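Everything numeric here is computed off the predicted structure, so don't read it as measured data.
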Amino acid sequence: MAERLVELEKSLKALANRRRLAVVKYLTSHKYASVGEIAGHLKLSVAATSRHLRQLANADIVATEQVGTIVNYSLSKDSGLISAFRQFL
């Protein structure tokens, strides 16, 4: 039980930022996207977007897939929190 609370806290902290929420919202309407695509949509630098994606990945909210030299990001299929989040978009 305590471990699940720690995981929930980690996820909620990762989502407690409007830029990261925007990333999650973008990924709900796109199967996957590169950091450059996400940065362009959100009008953020690639470096800032990469930092936000790293925090979301560390909280298991987004998943990564390497395709050649490109890293694609998608919403994690294992995150129950994302399923709940989709209901509010």
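Residue Ala33 comes nearest to Ile38 through the heavy atom pair CB-CG1, 3.7 Å, listed as atom of the first residue, atom of the second, then distance. Between Ala22 and Leu42, the closest heavy-atom pair is CB-CD2, 3.6 Å. Contact between Ile61 and Ala14 at its shortest, heavy atoms only, is CD1-CB, 3.9 Å.
Pairs engaging residues 44-56 under the side-chain hydrogen bond (donor to acceptor under 3.5 Å, both in side chains) rule: Arg20-His52, Arg20-Gln55 [sequence neighbours left out].
By the criterion of side-chain heavy atoms lying less than 4.5 angstrom apart, applied directly or through intervening Ile, Leu, Val, Met, Phe, Trp or Tyr residues, Leu75 is not grouped with Tyr32; the two fall into different hydrophobic clusters. Cluster annotation: Ile70 is not connected to Tyr26 through the hydrophobic network of ILVMFWY side chains, with a link wherever side-chain heavy atoms come within less than 4.5 Å.
Within the 3.5 Å criterion, the main-chain N or O of Asn58 finds a donor-acceptor partner in the side chain of Lys10. Panel note: side chain Glu37, backbone Ala39; no donor-acceptor pair is recorded below 3.5 Å.
Atoms CZ and CG, from Arg18 and Leu21 in turn, are 10.5 Å apart once rounded to the nearest 0.5 Å.
Residues Val35 and Val71 form no side-chain contact, since every pair of their non-hydrogen atoms from C-beta on lies 4.5 Å or further apart. Side chains of Asn72 and Ser34 form a contact here, defined as non-hydrogen atoms less than 4.5 Å apart.
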